[in-house]
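Please read the structure below before turning to the comments.
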Amino acid sequence: MYTEIVMDHFTNPRNVGEIENADGMGEVGNVKCGDIMRIYLRINADEIIEDIKFKTFGCGSAIAASSIATVIVKGKAVKEALQLTNKQVVDALGGLPAVKVHCSVLAEQALKAAIFDYAKKFGKEYPELEGFDPDADDDHHDLIEEIGEF
Amino acid sequence: MYTEIVMDHFTNPRNVGEIENADGMGEVGNVKCGDIMRIYLRINADEIIEDIKFKTFGCGSAIAASSIATVIVKGKAVKEALQLTNKQVVDALGGLPAVKVHCSVLAEQALKAAIFDYAKKFGKEYPELEGFDPDADDDHHDLIEEIGEF
Amino acid sequence: MRLVYMDYSATTPVKEEVLQEMLPYFTEKFGNASSIYSTGRQAKHDMDAARKRIADHLHCVPEELYFTSGGSEADNWAIKGIAKARKSKGNHIITSKIEHHAVLHVCETLEKEGFDVTYLDVDEKGLVDPKAVEAAITDQTILITIMYINNEIGTIEPIVEIGEIAKKHQIIFHTDAVQALGNLRIDLSELPVDLMTFSAHKVYGPKGVGALYVRKGIRIPNLIEGGAQERRRRAGTENVAGIVGFAKAVEIAYDQFDEHVERLVSLREKLIEGLIAAIPDTRVSGDRDQRHPGNVHVCFKYIEGESILLSLDMVGIAGSSGSACTSGSLDPSHVLMAIGLGHDIAHGSLRLTIGDFTTEDDIDYILEQLPPIIDRLRRMSPLYEEAKGAK
Amino acid sequence: MRLVYMDYSATTPVKEEVLQEMLPYFTEKFGNASSIYSTGRQAKHDMDAARKRIADHLHCVPEELYFTSGGSEADNWAIKGIAKARKSKGNHIITSKIEHHAVLHVCETLEKEGFDVTYLDVDEKGLVDPKAVEAAITDQTILITIMYINNEIGTIEPIVEIGEIAKKHQIIFHTDAVQALGNLRIDLSELPVDLMTFSAHKVYGPKGVGALYVRKGIRIPNLIEGGAQERRRRAGTENVAGIVGFAKAVEIAYDQFDEHVERLVSLREKLIEGLIAAIPDTRVSGDRDQRHPGNVHVCFKYIEGESILLSLDMVGIAGSSGSACTSGSLDPSHVLMAIGLGHDIAHGSLRLTIGDFTTEDDIDYILEQLPPIIDRLRRMSPLYEEAKGAK
Ligand SMILES: Cc1ncc(COP(=O)(O)O)c(C=O)c1O
Ligand SMILES: Cc1ncc(COP(=O)(O)O)c(C=O)c1O
C-alpha cells in the first residue's frame, strides 16, 4: 500500500514538534475528515525558513506527507516554499495510493496557511497567496476517494 | 439418486418385449414428455394375467417402474391388478426421487390402459375403470416436478 | 518477527481439519452436483450431507438452508427478495443504523426504488431498543432486519424480543448472523427469525461461501437466476469444496463451543482490562456483557486509527479500525457515529478480535506493544497538545 | 472399474498446479484483502496480481475485470445491470433462443418487469444470424446478449459480426464466454464486446469463482451491494484462494493453448466419426467447423437420454444429456428444440465433452461400450419397434 519512503517518514517523522512564538503557524483539515495538520515556521530576515515543525492528527500518509513537506522546504526561501505542490509531495514520497492523495494536498495547504499567517503578521505580500483562504474547507477528500483503487 | 432395486430393474428389466395378438394392449405417455410405456397382456378365461410384456421409451425410472409393475401383476387376477397404485410401484422400487414419481403413475396408467383395452375387446366391465380415459394427457409430470428435491 | 493476528471478525484462517475435508473435492471428487453420473451424484450427496450437518447444529430443516457466495450475497438476497415478494403488501422496512453495509446499502437502494426505510437509533452501547422497533411499525411495514451481533463493537442485539414483535405484527424478520455463527448457540427451532444470514470465512471455513436460512413457507424471488441448483432458488454450479468445508467448520465450532467461548471471553477481558489500566483516555465501545466473546473495541482519544494499525503492523499485530469491509475508506465508521461518539474519538478506534489461535502470550505482547505506540502518536497530535494545554 | 470423465463442459477438475497455488491462501495467507496489515495487503496484492495475470491473457486492463462467484452471477449482473442502467434509454433486449439459463431466466424476469425481449431463432446448426440481429434492432434496443460458444452443442457464434452491428447502432453487447475461455483465444483489445462473462471451473480452476469483464466507461449498478470490495462494484470478502486459482488456470490454458486445442479436436473428430460409423440413426448436432474443440453432441433416435447416461455410468463413462445445469429436470433441452429437433430425437441426446485428461484409449473405450448400450435401449423402445415396422 505505502512505499518505503512513506513508511520511513511515518515511523521516523522529521521535524515533529512545536516552535514557541513561531513566525508563522497554520492549521488545516478538521476532525471530521480525520486529518489535522499544523505547521510552525521560524523565518529569518532574509525570508528563509530557518526552522519548521509539524504536528499531525491523521493517518500514516498524513504524517508522512507532513514530514516530507517540512524536509523539502526547510532552509528554502519563503518564495520558493510557496512553489511546493502536492504533486511534489507525492513524488517525494515515491507515490501515494489514490485515496490518500488528499494528504499531500493537506501538507501543501498547511504550509501555505503557515506562510499566510507569517505574511499577515509581518506585512508581507506574496502573489502566490492571492485568493488563498486558510479556513476554506475543500472537499478534496471525497472527491479523490471516488477515484478509488483496487 | 436411484435405489439398488431401481438400478436392478433398469439393468435387467423383467418382461421386456411384445405379445403377438395380445388380449389387451395399452400405451400411455408421449414423446413430448419423454416417456412412453406400452403394456401387452395375455389374459386367460379365469381373468388371470398369464403373461405381460412391456416396451418403454423413457428414463431409468420409467424402465424400472414398467418392469416392477409387470412383476407385481403377473399371475394375478385382473380385478386384483386393477388395485395397483403408483404408490405400490414406488414402494416396491424402494422409493423414487420426487421428480421421478410420475414414472410410477405412468406404469399404473399403462396397466389400466391395457386392461381397458382387454375389457373393451372382451365386453368386460370393471367398476375400477369407471371414468378412466386411456388417452387423457395428465399433466402430472409438471405438477410433480415443482416439488423438486435437493 | 512475532505475528499476532487479532482480526478474527474480519476473517479467519481455514482450520487444518476443514481444509483436509475440502481437498478431495478439488481434484478427485470434482463432479458437478447437478450431474447424473457417480461423481456428480457423490458431489450432490456430500453437499446435501453438508447442508444437513449445518442444519443439525442450527436446529432447522436442511431444506431451509440455501448456499450462497457469502454473507453479503445472503443479505442482498434476503432483503431485496422480501422487498420484491411483499411489495404489494407494503413498502416500509425497519432496520438499524449499525447494520453491516451489505444491509444498509441494499436498504438505500430500495429507498431509491420507492421503499421507506426507518434506520433506528441505538443507545450508547449499540443496543437496538425493541420498543423502538415496535413503535416504528406501520401498516406498510413488510420487513424488519436487525443484525444478531454487530461486527464492529461486538454488541449482541435483542433479536428474540425483536423477533417476537415482528411475529406479533406478522412482519418478516431477517437477521444478519454472520458474527453470531460459532459464537452463540443458534436454535432456529426456537428463535423467532424468518431469514438468517451466515458466512463461512468467519468460522474457520473458506471465503466465498455462505448461506441464507429461509424459514419454510417463505418464498423470495431469486437474486441469481439460471440453472436449477439449490432447488431452483440459487443458480450457479455449486462450490462443493467450499460447502463441505463450511459444514466441517460449523461442526467444529459447535462441538467445541463451550471451550471456545470460555477461552475467548477470558482473553477478551484480560485485554480490555489491561488496555484500560495501561492507556489513559481509553474508551471501551459496546456492551460489556451482551458482547461477542472475542471482540475488543476501544477508542484512543486524540489519534487516528490507521496510524495505530500501521504502527501495530510494524510489530506484527494485525488489527482493524472499523469494519474490515470499510477500512478502505477510513471514513469515521457509521457504527461509532451511531453510538454517539464524536469524530475525534471515533477516528481513534481500534478493533482487536480474538479467535481460536490467540494465546495468553499474544495478549501480553499486545499489552506490552500498544501503550508506547499510542503515546508516540499522541505526542505527534495537535489535538493531544490542546487537550493537555486545557487541563 | 475404468473411469472415463467426458463432461468437461459441465465442470473440470482443478489441476494440480492450480490447487498448489491456491493452498497457502486457505491457511497462512488467509488475510482479508481489505485489511491494512501485512497479511491483508499480501492478499490484496496477490489478488490484484491475479487480476492482471488474467487481463494480460485476455488483452484487457485489469480494472475492467470484476471477480464474481461464477458465470451465473456474472450473467445476472451484466444483464440486470445494463437493463437498470439504460432503462431510460429503452426497454428492448435482443438475445437468442439457445442462451444458457443464466441469461434466459434473467431475460424472462426482465420481461415481467416491463422489458421487451427478442429471442432470436438459430439455424439447424445453432448459429445466430447477424442479419437477424440487425433486423431485430429498434430504437428501444439497449442490449444485445449472445453467447460465444453454446454449452450444449458446442457451436461458436459469430460474435465479431454481432458486436460490430451493436457498435454501429451504439447498443451494449454482452457475451457469455464461459465455454470459450481457454478454448478460443480471446483478445478484448480487438473484440467488439462490452461485457463478457467467465467462470473458473470450466478451465480447471475452482468452482464458485468467475469474472465479469466490463469495458472501461461502462457503468452498471451493483448486483451484490455492501462493502467496498472490487472497487465498490461487488461486495463480499474476496475469495482470494479461488481468485488466485482462477488466474493460474487461465495462465495454464493459454500457455498450452495450441497443444490443447489440437489434442481436443483430434479426439473429438475420432469420437464423432467413430459413433457415426458404429451406430445407425445417429445425428450430430451443432456446426462441425465452428465448434468447441472438445464438444461431441449426438442424438440417438428412439431412446431417451437419461437411460443412456445411466447405462454409461455403469461402465464408468460420465456424460451428460443437455446442459448439466438442467439435467435435473430432463425436459427436452431448449437448445435442441431451437435447432429444430423433434422431441423424439431431442430426448435421445448425449453430450460427451473432451478435456485435457482425455486419452485416445478413453475414446476407444467409449466406442466399444456405447454401441451395445444404444442397441439394448432401442430394443426396449416402442418407438424403435414402430420405426422398424414402418421400414
Ligand atoms: C455457457 C454457460 N454460461 C454460464 C454458466 C454458469 O456458470 P457457473 O456454473 O459458474 O455459474 C455455464 C455453466 O454452468 C455455462 O456453460
Ligand atoms: C455482520 C456482517 N455481515 C455481513 C458480512 C459480509 O460477509 P461476506 O464477507 O461473507 O460477504 C460481514 C463480514 O464481512 C459481517 O461482519
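- Cation-pi geometry between Arg376(D) and Phe10(B) is met: under 6.0 angstrom from the ring centre, within 45 degrees of the axis.
- Within a 6.0 Å radius of CG in Asp361(D), more than 12 heavy atoms belonging to other residues, nucleotides or ligands are found.
- Residues of residues 102-112 of chain D placed with any heavy atom under 4.5 Å of a heavy atom in chain B are absent; none qualify.
- Annotation: Lys76(B), atom NZ; neighbour count of heavy atoms from other residues, nucleotides and ligands within 6.0 Å is above 12.
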Would you list the atom pairs, donor with acceptor, under 3.5 Å between side chains in residues 53-66 of chain B and any protein atom, with sequence neighbours excluded?
from, atom 1, to, atom 2, distance (Å)
Lys55(B), NZ, Glu18(B), OE2, 3.1
Lys55(B), NZ, Arg379(D), O, 3.2
Lys55(B), NZ, Glu385(D), OE1, 3.3
Thr56(B), OG1, Ser66(B), OG, 2.8
Ser66(B), OG, Ala62(B), O, 2.5

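- At a 4.5 Å heavy-atom cutoff, the contact between Leu310(D) and chain B is made by backbone and side-chain atoms alike.
- The nearest pair of heavy atoms linking Met380(D) to Pro13(B) is CE-CG, 3.6 Å.
- Note: Glu386(D) CD to Glu27(B) CD = 6.0 Å, rounded to the nearest 0.5 Å.
- Atom NZ of Lys121(B) has more than 12 heavy atoms from other residues, nucleotides or ligands within 6.0 Å.
- With a 4.5 Å cut-off on non-hydrogen atoms, Met7(B) touches chain D through its side chain but not through its backbone.
- For the pair His343(D) (side chain) and Val31(B) (backbone), a donor-acceptor distance under 3.5 Å is absent.
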